[in-house]
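Each remark here refers to the structure printed beneath this line.
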There are 2 protein chains.
Amino acid sequence: MRLKTINSWLGIRAEVLSRIYDRTWKPGDLIPKEIDLAFEFGCSRTTVNRALRELAEAGTLERRRKSGTRVSLNPANKATLKIPLIKNEVNKIGKTYGYKLIQRKLCLPPDKIKNKMRINSGIKILHILALHTANDLPFVIEDRWINQHVLPESEKQNFKEHSANEWLVLNAPYTHGTISFSAINSSAENAHLLSIKSGAAVFEIERNTFDKENAITNVCLTYERGYRMLTTF
Amino acid sequence: MRLKTINSWLGIRAEVLSRIYDRTWKPGDLIPKEIDLAFEFGCSRTTVNRALRELAEAGTLERRRKSGTRVSLNPANKATLKIPLIKNEVNKIGKTYGYKLIQRKLCLPPDKIKNKMRINSGIKILHILALHTANDLPFVIEDRWINQHVLPESEKQNFKEHSANEWLVLNAPYTHGTISFSAINSSAENAHLLSIKSGAAVFEIERNTFDKENAITNVCLTYERGYRMLTTF
DNA sequence: AAGTGGTCTAGACCACGGC
DNA sequence: CCGTGGTCTAGACCACTTC
């Protein structure tokens with residue numbers, strides 16, 4: 001029996017969430033098939049499909065051909081983090097952004113970096129060390145390696161005015177990458193740059209970016225003391 | 001002119017990514033409108049829309065009515081993190097999961113928690129402290145507050161066999177929440193529980209979950225030394 | 001006012017996966 | 001085999017944004 005008319009996929013998503021929420025449909029339960037929901041809501045199957053697909057992508061539902069759609073037992077809390085340009089991140093919290101290049105030179109990467117960037121031989125690559133500031137206080141250390149053999153244009157940049165961060169976004173197409181987040185006791189050097197005590201816990205983000213099988217860049221961002229990465233769900 | 005036939009949204013997404021990658025369309029550029037792409041690819045506008053919508057959700061494109069679709073200036077900025085049940089997280093790395101309840105009692109929350117959970121008066125709420133282990137070694141400390149006034153069933157649970165983490169997923173519907181990630185110098189208590197040195201940097205995830213305006217639970221997860229949260233893009 | 005994306009429809013065919 | 005979700009189509013109308 002047709003109960004109500006909901007002709008938008010957002011409305012259907014809300015209704016489905018509401019039924020999960022009020023435990024009409026409990027974790028693990030099979031919910032009606034698309035056709036039946038379409039009839040019940042007085043809309044087309046396409047619209048129901050859109051709503052259920054979004055919920056499945058969010059981890060709320062699990063769908064399988066033939067067997068149907070279930071309320072997920074394990075709504076894998078997915079948090080989407082926005083990782084903006086550091087400049088934008090600083091501006092967003094209402095502070096004045098500043099940038100200072102500390103070092104730029106071609107040198108032999110340590111083994112750790114060589115492994116991550118899949119560089120075998122004893123070739124030199126571009127190393128950049130820079131400090132991003134917020135209201136003239138240290139905000140993030142950018143410790144970056146760029147494979148200028150993969151990205152020859154990078155060798156012509158001095159990175160004095162603009163950070164490698166910004167230049168790469170506009171000029172380095174990539175195919176994929178990895179990110180890792182961790183907590184580190186700051187080294188003496190980093191502590192000095194950030195004006196904190198050596199050993200203080202700091203938040204680090206490490207990113208590796210690839211062009212097919214070639215590593216373009218590896219960057220380690222070390223944030224100011226007390227930095228928190230936030231998101232909502 | 002119709003150049004080629006691509007009749008799946010995945011194919012179109014791949015083609016668009018390829019053109020961004022080979023710099024046919026550069027960051028900031030306007031790309032053709034849906035109708036034109038549909039004609040070029042020999043498919044319906046609906047299919048093009050699906051492909052472009054997915055790319056916009058991924059942060060690769062930016063779309064606006066009337067003005068059209070642009071290649072995002074800032075594409076590498078969204079990372080989706082899956083935050084699974086701790087049990088699943090441990091199993092996934094091929095280790096044996098264990099759980100041990102350390103404390104469970106009703107008590108007055110500290111001001112910090114009261115603010116986060118929007119609790120005003122001097123009421124007692126449920127506090128849980130537990131340790132999750134991997135191959136019998138400390139993995140995560142779960143330090144949780146549950147508002148049993150919002151979730152009366154929680155008061156009947158002893159959380160001896162199964163963690164609050166697991167029970168809540170199946171029994172506590174929520175409307176929204178917040179997550180924050182940070183780096184902390186471990187307290188003496190936590191260092192003891194994790195068998196590490198006091199002051200060692202540890203990774204913390206704090207989550208607040210709400211049912212409309214009511215806070216259901218606040219949890220602080222403190223991970224083993226050296227823990228890394230990983231994702232790819 | 002007009003251009004562009006956002007969404008809905010009704011119907012169709014296909015792909016996967018239980019049986 | 002056959003039920004269910006996955007996707008595509010052609011056309012339609014709407015909503016937002018810029019002019």
Side-chain angles (χ1 to χ4, degrees), chain A residues 2-17 19-20 25 27-76 80, chain B residues 1-17 19-20 25 27-75 78:
Chain A
R2 182 181 295 196
L3 297 176
K4 55 176 102 179
T5 300
I6 309 178
N7 62 354
S8 83
W9 73 268
L10 284 168
I12 291 169
R13 188 181 64 171
E15 176 63 22
V16 171
L17 279 173
R19 291 188 189 181
I20 293 171
W25 296 331
D29 283 0
L30 203 58
I31 76 172
K33 54 196 177 203
E34 293 186 346
I35 292 265
D36 294 348
L37 288 174
F39 180 67
E40 183 191 338
F41 294 141
C43 66
S44 75
R45 181 167 82 94
T46 316
T47 306
V48 173
N49 179 277
R50 172 81 189 270
L52 299 190
R53 175 161 40 83
E54 300 268 343
L55 287 169
E57 273 165 20
T60 307
L61 297 177
E62 281 171 14
R63 322 195 70 197
R64 258 191 246 167
R65 282 154 151 137
K66 167 87 178 176
S67 52
T69 301
R70 289 177 184 284
V71 178
S72 179
L73 280 172
N74 186 11
T80 45
Chain B
M1 178 180 29
R2 179 181 297 196
L3 295 178
K4 54 176 104 177
T5 299
I6 310 179
N7 63 353
S8 84
W9 73 269
L10 284 167
I12 292 170
R13 188 181 65 172
E15 177 62 22
V16 171
L17 280 173
R19 291 187 188 182
I20 293 170
W25 297 331
D29 283 1
L30 203 58
I31 76 172
K33 53 195 178 205
E34 293 186 346
I35 293 264
D36 294 348
L37 288 174
F39 180 67
E40 183 191 339
F41 294 141
C43 67
S44 75
R45 182 165 83 93
T46 317
T47 305
V48 173
N49 180 277
R50 172 79 189 271
L52 299 189
R53 176 161 40 83
E54 300 267 345
L55 286 168
E57 274 165 20
T60 307
L61 298 176
E62 283 171 12
R63 321 194 70 196
R64 268 161 136 182
R65 281 152 152 141
K66 165 88 179 175
S67 53
T69 300
R70 287 175 187 284
V71 179
S72 178
L73 282 171
N74 193 0
K78 272 189 194 165

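Order of the sequence lines fixes the chain letters, A, B, ..., with proteins taken first and strands second; residue numbering starts at 1 for each chain.
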side-chain hydrogen bond (donor to acceptor under 3.5 Å, both in side chains) partners for [X], two or more places apart:
X	answer
B:Thr46	none
A:Arg50	A:Glu54
A:Ser67	none

Under 3.5 Å, side-chain donor or acceptor atoms of residues 32-39 of chain B against the rest of the protein: list the pairs with distances, not counting sequence neighbours.
| from | atom 1 | to | atom 2 | distance (Å) |
| --- | --- | --- | --- | --- |
| B:Glu34 | OE1 | B:Arg45 | NH1 | 2.5 |
| B:Glu34 | OE2 | B:Asn49 | ND2 | 2.8 |
| B:Glu34 | OE2 | B:Arg63 | NH1 | 3.1 |
| B:Glu34 | OE2 | B:Arg63 | NH2 | 2.7 |

Would you check, one step at a time, whether the test side chain to side chain contact (heavy atoms under 4.5 Å, CB included) holds for B:Cys43 with B:Ile6?
CA-CA 7 Å; B:Cys43 67; B:Ile6 310 179; over 6 Å; no
If the helix axis at each end comes from five base pairs, how far does the helix from C:dA1-D:dT18 to C:dG18-D:dC1 deviate from straight, to 10°?
20°
Indicate for each nucleotide in nucleotides 3-10 of chain C, in 5' to 3' sequence, whether protein heavy atoms under 4.0 Å reach the base (B), only the sugar-phosphate (S), or nothing (-).
BBBBBSBB
List in chain and number order the residues that pass side chain to side chain contact (heavy atoms under 4.5 Å, CB included) with A:Arg70, two or more places apart in sequence or in another chain; answer none if no residue qualifies.
A:Leu30
Hits for salt bridge (charged side-chain N to carboxylate O under 4.0 Å, His left out) against B:Glu15, two or more places apart or cross-chain, chain-then-number order -> B:Lys4, B:Arg19
